[in-house]
Protein chains: 2
Amino acid sequence: MSKDNLKVCPIYNTFDLIGKKFTVLILRNMILYHHTRFNELLDSVEEINSKTLSLRLREMERDGLITRHVYPEMPLRVEYALTEKGKNLKPILEQMGEFSTRYCAINVFRDKKPRHFKQVLETAH
Amino acid sequence: MSKDNLKVCPIYNTFDLIGKKFTVLILRNMILYHHTRFNELLDSVEEINSKTLSLRLREMERDGLITRHVYPEMPLRVEYALTEKGKNLKPILEQMGEFSTRYCAINVFRDKKPRHFKQVLETAH
DNA sequence: CAGCATCCAGACTGATACTG
DNA sequence: CAGTATCAGTCTGGATGCTG
């Protein structure tokens with residue numbers, strides 16, 4: 001591959017997809033905790049409000065990370081699902097979790113002891 | 001580990017460190033291309049200006065990701081170096097690169113063909 | 001070379017209220 | 001339940017110019 005083949009830096013391209021405030025938290029809850037509903041995310045994503053959540057979900061849909069399904073019931077039900085592309089962001093989230101649990105233990109854990117992110121996931125459900 | 005041991009979400013903690021605009025690009029150039037000088041970064045980080053670069057470098061120093069060394073020469077020489085903590089962000093950058101080179105090839109490459117981030121690095125120097 | 005100071009424009013976010 | 005509308009405030013980033 002010649003360098004000219006590169007249109008945009010791959011790292012920056014990824015940052016464009018997940019770099020806005022709350023996007024990684026929404027993905028965290030969808031990928032790791034399998035949340036699917038609007039109010040479920042509204043309650044579980046720290047500090048987010050409905051306007052911003054709505055905005056982020058539409059951006060993620062536009063970017064092909066999630067899909068939106070409406071079930072015409074009463075009351076209305078809407079479910080958000082990860083696409084294959086969205087699911088493939090999981091390794092990034094895992095590395096982000098791993099970095100903090102290993103190298104920022106002082107900020108992250110009360111007992112200040114480093115550990116693996118996997119161990120946190122197993123007990124945090 | 002009990003859940004109460006967790007002070008803050010590890011994923012969000014990492015996002016706080018690298019989520020601001022330009023921070024991952026500065027880290028990319030320091031970690032992958034071994035840039036160390038202010039003007040070197042100013043020229044190589046896409047679209048950044050000196051004020052923002054200065055701000056980001058100070059934030060990264062405050063967060064323990066880099067250190068700043070002043071060499072009292074004429075002209076003045078200042079070098080920025082990664083700390084061990086900063087170097088440990090490399091797997092996150094690699095996963096971010098890998099995601100785009102594999103799943104966003106249409107946006108990233110002129111030939112639109114997916115490949116591994118490692119292959120891009122080998123030829124992009 | 002390696003920044004800092006100032007000023008400004010625009011993007012982003014939040015609170016509140018309302019709808020089908 | 002799942003949002004949208006409006007308004008206001010904050011935060012960020014960018015242009016320009018200056019310093020040791």
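Note on naming: letters A, B, ... go to the chains in the order of the sequence lines (proteins, then strands), and numbering restarts at 1 for each one. We use all heavy atoms of the structure for the numbers below, so side chains are in, but hydrogens, waters and symmetry mates are not.
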Using a strict 4.0 Å threshold on nitrogen-to-oxygen distance, state whether A:Glu61 and A:Arg58 make a salt bridge.
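The answer is no: the pair does not qualify as a salt bridge.
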
Is the positively charged end of B:Arg102 above the ring of B:Phe117, judged by distance under 6.0 angstrom from the centroid and angle within 45° of the axis?
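No cation-pi geometry.
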
Any sub-3.5 Å donor-acceptor pair from [X]'s side-chain atoms to [Y]'s backbone N or O?
{"X": "A:Asn5", "Y": "B:Arg110", "value": "yes"}
{"X": "A:Thr23", "Y": "A:Gly19", "value": "no"}
{"X": "B:Thr83", "Y": "B:Gly64", "value": "yes"}

For B:Lys87, enumerate each residue passing the salt bridge (charged side-chain N to carboxylate O under 4.0 Å, His left out) test, keeping only those at least two apart in sequence or located in another chain.
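Partners of B:Lys87 under the salt bridge (charged side-chain N to carboxylate O under 4.0 Å, His left out) test: B:Glu84.
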
If the condition is salt bridge (charged side-chain N to carboxylate O under 4.0 Å, His left out), which residues does B:Lys85 pass it with, not counting sequence neighbours?
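Testing B:Lys85 for salt bridge (charged side-chain N to carboxylate O under 4.0 Å, His left out), a comparison that skips the adjacent residues, returns none.
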
Can you run down the ring-ring contact (aromatic ring centres under 6.0 Å, His included) pairs that involve residues 49-106 of chain B, sequence neighbours left out, and say none if there aren't any?
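Checked against ring-ring contact (aromatic ring centres under 6.0 Å, His included) - neighbours excluded - the pairs reaching residues 49-106 of chain B are B:Phe99-B:Tyr103.
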
Generate the contact string for nucleotides 9-15 of chain C. Rules: B means base contact, S means sugar-phosphate contact only, - means no protein heavy atom under 4.0 Å.
---SBBB

Rounded to the nearest angstrom, tell me the gap between atom CG in B:Leu57 and atom P in C:dC1.
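Distance, rounded to whole Å: 16 Å.
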
A:Thr14 and B:Ser100: side-chain donor and acceptor closer than 3.5 Å?
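A donor-acceptor contact under 3.5 Å links the two side chains.
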
For B:His116 and B:Thr101, test the side chains for any donor-to-acceptor distance below 3.5 angstrom and give the result as yes or no.
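Absent: no donor and acceptor within the cut-off.
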
For DNA chain D, the residues among residues 61-82 of chain B that have a non-hydrogen atom under 4.0 Å from it:
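Residues of residues 61-82 of chain B under 4.0 Å from DNA chain D: none.
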
First and last nucleotide of DNA chain D, 5' to 3', lying under 4.0 Å from heavy atoms of chain A:
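Taking any atom under 4.0 Å from a heavy atom of chain A, the span is D:dC1 to D:dC7.
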
